[in-house]
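Worksheet for the structure shown next.
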Amino acid sequence: MLNSCVMHCHTGPAPGIMVWGGIGYHSRTPLVRLDGTLNSQRYIYEVLEPVVLPYLQGLPTIIFQQNNARPHVERIVQRFFVNRQIELLPWPARSPELSPIENMWSMVAQRLTQITSPATTPDQLWQRVEAAWSADRNQIKKTPEKFIPRFLTNEQKLCRLATCEDMLEMTRTDPELKDKIITGYETWVYGYDPETKHQSAEWRCQGELRPKKSRLLKSRNKVLLVAFLDKKGIFHHEYLPAGQTVIKDMYLGILRRLREAIRKKRPEKWTKCGWILHHDNARPHTAHLMTSFLAKNGTQILLQPPYFPDIAPNDFFLFHKLKAVLKGRHFDTRDDIIEKSPLALKSIPKEDYKNCFDNWEKRWR
């Protein structure tokens, strides 16, 4: 099994240590390791006197904040703060979400999770915690989340791996495999699809303000396009009637018309019965009606792992090219879309289709 498919986890007993640390607006205290149970006496002699007092003496104004743990609020500790004229910030009980130090502990924990091998001894864990605490604050930044369509399971990832390995093995066995593949899928073509930021960029002199534009949405006027291509180019496409989507009965009719297009436009594939159909795992594509029809006509199917459009030529190549040309253009009616979008398809050079299939093979690796 590949290492990329293995998830390492630690199931045995893990060492643990207790530490204390404090932060100010521009600095932090040294980290203190506390062995055993912390009580008020140890809190004074191991934390407050050797660490907190020297740290506070370097600050212009002093307000000390701590939580309401019992060693922090006992009478001997309160007298310690009064005798040294240290002002305390009142703090509500059971409110860790209000404490700034909790954010620091989260960052320390996040750095520790980046270390693959778990600490085996308390001393090793202490070294890692101290290094994470003392790291340069300039190396820390708030990173926004990256939105993705969905999280993939390990089974789905393994399915992709197995499919790609099968495709590579088929290519090694049959060097002409890519010449036999016909791949197809459907996509919406909109009456208006807003330009990307890169497409709408304008040339400006240094010091000029950035151009502004209101946020635009895709139009409701749209047509569902179904397209099939091979290494030579796109040879069959059709637009579905208004208000209809791809269902199994309709897709069966599309496959019948596809076979007729292969017979007329790709006779070398038809006479040899040497073409292979590649489409995704949408429910109409995998219905029993469809698999029976393809099996009856001796059509081989090339599997596509679910949720991986980056290894589907229609997604990463054809529709990307088509929509890049149509973005920013207005079409008033369905007929305008049906009339003008084929011109965008024809504008794609034939050499790009060959490069697409070569790139497709690289994506299997």
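For reference, positions follow the sequence shown, starting with 1.
- A donor-acceptor pair under 3.5 Å is absent between the side-chain atoms of Q244 and the main chain of L240, judged by distance alone.
- Taking 4.0 Å as the cut-off between side-chain N and carboxylate O, D358 and K354 count as a salt-bridged pair.
- To the nearest 0.5 angstrom, W275 atom CH2 is 16.0 Å from D179 atom CG.
- At a threshold of 4.5 Å between non-hydrogen side-chain atoms, the residues V52 and I86 do not count as touching.
- More than 12 heavy atoms of other residues, nucleotides or ligands shown are found within 6.0 angstrom of CD on Q65.
- Of the possible donor and acceptor atoms, one in the side chain of R42 sits under 3.5 Å from a partner among the backbone N and O of D35.
- E165 has its side chain out of reach of L168: every pair of non-hydrogen atoms, C-beta onward, lies at least 4.5 Å apart.
- When all heavy atoms of I247 and P284 are compared, the closest pair comes out as C-CB, 3.9 Å.
- Distance alone, capped at 3.5 Å, is enough to place a donor-acceptor pair between the R28 side chain and the W133 backbone.
- Within 6.0 Å of CD on E176 lie no more than 12 heavy atoms contributed by other residues, nucleotides or ligands.
- A distance of 11.0 Å separates CD of E46 from CD of Q41, quoted to the nearest 0.5 Å.
- Side-chain atoms of E186 do not come within 3.5 Å of backbone N or O of V246 as any donor-acceptor pair.
- Rounding to the nearest 0.5 Å gives a distance of 9.0 Å between CG of L255 and CZ of R259.
- Side-chain atoms of S99 do not come within 3.5 Å of backbone N or O of P96 as any donor-acceptor pair.
- R172 CZ: more than 12 foreign heavy atoms inside a 6.0 Å radius.
- Just one of L318, L322, V325, I234 meets the side chain to side chain contact (heavy atoms under 4.5 Å, CB included) condition when paired with I348; it is L318.
- Between the side chain of N68 and the main chain of V73, no donor-acceptor pair closer than 3.5 Å is present.
- The nearest pair of heavy atoms linking V189 to S341 is CG1-CB, 4.3 Å.
- For the pair Y55 and S27, the tightest heavy-atom approach, listed with the atom from each and the gap, is OH-OG, 2.8 Å.
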Is there a side-chain contact (heavy atoms from CB on, under 4.5 Å) between L56 and R84? Walk through the geometry before answering. CA-CA 11 Å; L56 296 181; R84 286 159 179 79; over 6 Å; no
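- Ring geometry for Y192 against H330 counts as parallel: the plane angle stays under 30°, on a 0 to 90° scale with 60° as the upper cut.
- Put simply, W126 and M104 are part of the same group of oily side chains (I, L, V, M, F, W, Y) that touch within less than 4.5 Å, one to the next.
- Residues I311 and M167 form no side-chain contact, since every pair of their non-hydrogen atoms from C-beta on lies 4.5 Å or further apart.
- Under a 4.0 Å N-O distance rule, the pair D230/R266 qualifies as a salt bridge.
- Looking only at distances, no side-chain donor or acceptor of Y239 sits under 3.5 Å from a matching main-chain atom of R334.
- Linking ILVMFWY side-chain heavy atoms closer than 4.5 Å, directly or via other members, places L294 and V226 in a single hydrophobic cluster.
- For the atom pair CD of Q304 and OG1 of T163, the computed distance is 8.0 Å after rounding to the nearest 0.5 Å.
- Put simply, F81 and I101 are part of two different groups of oily side chains (I, L, V, M, F, W, Y) that touch within less than 4.5 Å, one to the next.
- Ring centers of Y353 and F317: under 6.0 Å apart, within the cut-off.
- Rounded to the nearest 0.5 angstrom, F331 CZ and L326 CG are separated by 5.0 Å.
- Using modelled atom types, one side-chain atom of N67 and one backbone atom of A69 make a donor-acceptor pair closer than 3.5 Å.
- Between N221 and D332 there is no side-chain heavy-atom pair separated by less than 4.5 Å.
- D310 and R363 get closest at one heavy-atom pair: O-NH1, 2.7 Å.
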For W20 and L38, run side-chain contact (heavy atoms from CB on, under 4.5 Å): C-alpha distance rounded to whole Å, both residues' side-chain angles, the deciding distance at 0.1 Å, then the answer. CA-CA 10 Å; W20 184 96; L38 181 67; 5.6 Å; no
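- Tested against H279 for a ring pair (Phe, Tyr, Trp, His ring centres under 6.0 Å), the candidates F228, Y251, Y185 yield a single pass: Y251.
- Side-chain atoms of R128 do not come within 3.5 Å of backbone N or O of L112 as any donor-acceptor pair.
- By the 4.5 Å heavy-atom criterion applied to side chains, T245 and W188 are counted as neighbours.
- Y43 pairs with exactly one of R70, Q66, E49 by the side chain to side chain contact (heavy atoms under 4.5 Å, CB included) rule, that one being Q66.
- When every heavy atom of Q124 is checked against every heavy atom of A119, the shortest pair comes out as OE1-CA, 3.4 Å.
- Ring-centre distance between W360 and H278: below the 6.0 Å cut-off.
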side-chain contact (heavy atoms from CB on, under 4.5 Å) between W105 and E102: does it pass, once the steps are laid out? CA-CA 5 Å; W105 294 133; E102 297 298 335; 4.0 Å; yes
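- By the 6.0 Å contact criterion, CZ on R283 is open, its count of non-hydrogen atoms from other residues, nucleotides or ligands being 12 or less.
- Both L258 and L224 are members of a single hydrophobic cluster when ILVMFWY side chains are connected at heavy-atom separations under 4.5 Å.
- Of the possible donor and acceptor atoms, none in the side chain of S40 sits under 3.5 Å from a partner among the backbone N and O of I76.
- Taking every heavy atom of both residues into account, K232 and K350 meet most closely at O-CG, 4.0 Å.
- Distance check, rounded to the nearest 0.5 Å: CG of L289 to NZ of K248 gives 6.5 Å.
- By the 4.5 Å heavy-atom criterion applied to side chains, L48 and L53 are not counted as neighbours.
- The hydrophobic cluster containing I182 does not contain L229, counting ILVMFWY residues as joined when their side-chain heavy atoms lie under 4.5 angstrom apart, directly or transitively.
- Using a 4.5 Å cut-off on side-chain heavy atoms (C-beta onward), D166 and L303 make no contact.
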Worked check of side-chain contact (heavy atoms from CB on, under 4.5 Å) between L152 and R160: CA-CA 11 Å; L152 299 174; R160 174 192 173 118; over 6 Å; no
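- Using a cut-off of 4.0 Å between Lys/Arg side-chain N and Asp/Glu carboxylate O, E260 and R263 are scored as salt-bridged.
- Atom OH of Y307 has 12 or fewer neighbouring heavy atoms from other residues, nucleotides or ligands inside a 6.0 Å radius.
- D193 pairs in a salt bridge (Lys or Arg N to Asp or Glu O under 4.0 Å) with only one of the listed residues (K327, K222, R329), which is K327.
- Between H285 and M290 the shortest side-chain heavy-atom distance does not fall below 4.5 Å.
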